[in-house]
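Everything below concerns the one structure shown next.
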There are 2 protein chains.
Amino acid sequence: MATRPDSSADGRTGAVPVPTRERILLAAGKLFHGEGIRAVSLDAVAARAGVTKRTVYYHFRSKDDLVAAYLEARDPPNLDWFRRHYSEAAGDVATRIEALFAALAGAAAHPRWKGCGFLRSSVELVKTPGHPAMNAARAHKKRLEDWLCGLFQVARADGARELARQIVLLIDGGFAVVLLNRDAGYMDSAGRAAGTLVRAALARGREPRHGEGGGEGNGGGNGDG
Amino acid sequence: MATRPDSSADGRTGAVPVPTRERILLAAGKLFHGEGIRAVSLDAVAARAGVTKRTVYYHFRSKDDLVAAYLEARDPPNLDWFRRHYSEAAGDVATRIEALFAALAGAAAHPRWKGCGFLRSSVELVKTPGHPAMNAARAHKKRLEDWLCGLFQVARADGARELARQIVLLIDGGFAVVLLNRDAGYMDSAGRAAGTLVRAALARGREPRHGEGGGEGNGGGNGDG
DNA sequence: TCACGTATATTCACTGGTCAGTATACTTGG
DNA sequence: CCAAGTATACTGACCAGTGAATATACGTGA
């Protein structure tokens with residue numbers, strides 16, 4: 001015990017036994033995602049991590065802190081999931097976006113699927129808009145949108161930013177609706193809608209008249225950054 | 001006290017004093033919608049309604065019952081809101097749908113706006129899929145979808161059911177994303193996406209080859225019920 | 001018309017339990 | 001020895017739900 005190979009650890013301890021902090025974060029992730037933030041007590045997190053609650057409070061100042069850390073930890077793997085499924089698909093941008101939705105639908109079809117942890121957390125924290133976990137969720141969705149926007153710009157789609165926002169809207173709409181109806185078919189409908197929108201933007205992008213492609217795309221004039 | 005001018009009450013008591021059950025439901029609605037289900041205790045509901053908690057338990061068997069009743073009560077006025085804003089708009093179906101989203105964006109721009117109560121409740125109740133409140137939420141969204149589907153069928157749009165599902169996805173996506181980012185501009189983006197999709201479906205519907213308009217529309221073959 | 005019974009409606013005071021967070025003491029590697 | 005890390009055991013607040021008593025409306029038989 002009492003081994004804490006700092007975040008910058010280089011493995012020199014040999015056979016690193018999963019540091020306590022990470023074990024807690026892992027347990028918190030499973031429980032928060034599976035049952036919701038408010039529904040999970042720190043006692044439950046501690047039990048699952050195999051430590052006492054006091055140890056949790058040694059590594060995290062409060063439950064809010066732990067929630068924020070959980071969401072921040074979820075960000076990179078989640079984005080990687082999107083990038084991987086996109087890059088593994090073949091065809092033009094529209095077809096690959098459709099493939100992305102097909103992958104989402106596949107995941108959502110599993111009975112234990114629980115939707116998007118970022119969105120769900122944001123709902124549980126409506127009362128506290130400045131909560132660090134809310135910022136983490138916003139940052140994650142922004143990175144997703146930026147990544148999509150980049151794809152669309154490269155493909156010379158018309159209004160890349162606006163299109164990226166609309167795809168995000170369809171993804172998050174899919175998360176919400178499938179979670180409510182427990183019918184992954186809605187995610188397929190979202191995918192077809194996305195395909196239609198991307199193809200329309202690609203077609204507009206190929207029209208000669210509007211010289212520059214990304215001009216009007218900056219969010220349609222609602223102060224996006 | 002103890003005056004309960006039954007639901008079929010005439011005004012003979014003079015200035016009907018809002019029956020207790022309704023007062024409770026009203027208080028519950030305000031609090032649940034404003035702060036979330038789990039965040040609100042029945043003590044708080046009782047206090048706001050001006051009764052004791054025991055009285056709440058006289059009119060509702062449990063908190064779950066009260067939550068379900070709250071959502072069921074919200075269904076008709078919510079659908080009316082959609083119908084009203086649609087019927088007050090001018091132009092073809094696509095334009096009027098866009099107007100609907102504009103109205104949503106207007107509502108969402110208010111700082112105290114808290115998203116869709118049905119969606120938020122469904123998130124708070126993920127752990128209990130059979131919860132009566134979940135059924136109420138599903139029923140509400142289904143009615144919204146059916147209403148949209150009817151509009152599109154009348155307009156002879158191609159794939160009316162699928163189109164209705166996609167509009168619902170955009171609406172609910174807008175709810176989720178705006179709630180997270182506190183930027184009603186996303187609802188405008190959703191509206192433009194909706195307009196694009198509806199126009200595409202109208203154009204396809206006007207093509208002569210595919211004879212019947214609503215045939216393929218039943219969910220696009222993903223086992224919808 | 002009135003006394004009485006009964007169903008309805010409401011209150012006060014309580015229980016059993018959960019949970020975020022803490023005071024304090026023990027352990028162990030360096 | 002000391003400081004990081006962990007454990008035991010506790011506090012204070014909150015909360016869903018209940019027991020028992022009380023108050024009011026209303027029908028009915030004499």
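We name chains A, B, ... by the order of the sequence lines, and we start the count at 1 in each one.
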Next on the checklist: Any residue in residues 30-43 of chain A with a heavy atom nearer than 4.0 angstrom to DNA chain D? Just list them by number, or reply none.
Outcome noted: none
Item to check | Closest nucleotide among dA16(D), dA7(D), dT18(D) to the Val51(A) side chain | outcome: dA7(D)
Checklist entry - Reckon Tyr58(A) has a side-chain N or O less than 4.0 Å from the OP1 or OP2 of dT6(D)? => result no
Checklist entry - At their closest point, which heavy atom of Asp188(A) faces which heavy atom of Ala105(A), and how far apart are they? => result OD1-CB, 3.4 Å
Checklist entry - How long is the line joining CZ of Arg54(B) and C1' of dA23(D), in whole Å? => result 16 Å
Checklist entry - Taking OH from Tyr57(A) and C1' from dA9(D), how many angstroms apart are they, rounded to a whole number? => result 16 Å
Checklist entry - Is there a side-chain polar atom (N or O) of Thr20(B) under 4.0 Å from OP1 or OP2 of dT10(C)? => result yes
Checklist entry - Got a sec, which residues hit salt bridge (Lys or Arg N to Asp or Glu O under 4.0 Å) with Arg143(A), two or more places apart in sequence or on another chain? => result Asp75(A)
Checklist entry - So which one's nearest nucleotide on DNA chain C is more toward 5', Lys53(B) or Gly50(B)? => result Gly50(B)
Checklist entry - Going by the angle between their ring planes, with limits at 30° and 60°, are Phe32(A) and Tyr70(A) parallel, tilted or perpendicular? => result tilted
Next on the checklist: Whole angstroms only, please: what is the CZ-P distance between Arg61(B) and dA16(D)?
Outcome noted: 17 Å
Next on the checklist: Please check this pair: side chain of Arg120(B) against backbone of Val123(A), looking for a donor-acceptor N/O pair closer than 3.5 Å.
Outcome noted: no
Checklist entry - Between dT11(C) and Thr52(B), is there an OP1 or OP2 to side-chain N/O distance shorter than 4.0 Å? => result yes
Next on the checklist: Using OP1 and OP2 only, check whether a side-chain N or O of Thr55(A) sits under 4.0 Å from dA7(D).
Outcome noted: yes
Checklist entry - Less than 4.5 Å apart, any side-chain heavy atom of Val177(A) and any of Glu145(B)? => result no
Checklist outcome for this item: Separation of dT10(C) atom C1' from Arg21(B) atom CZ, nearest Å, is 16 Å
Checklist entry - Should the pair Phe118(B) and His140(B) be assigned to parallel (<30°), tilted (30 to 60°) or perpendicular (>60°) ring geometry? => result parallel
Checklist entry - Taking only side-chain nitrogens and oxygens of His59(B), does any of them come within less than 4.0 Å of OP1 or OP2 of dT8(C)? => result no
Checklist entry - Any donor and acceptor pair, going by atom type alone, linking the side chain of Lys114(A) with main-chain N or O of Gly34(A) inside 3.5 Å? => result yes
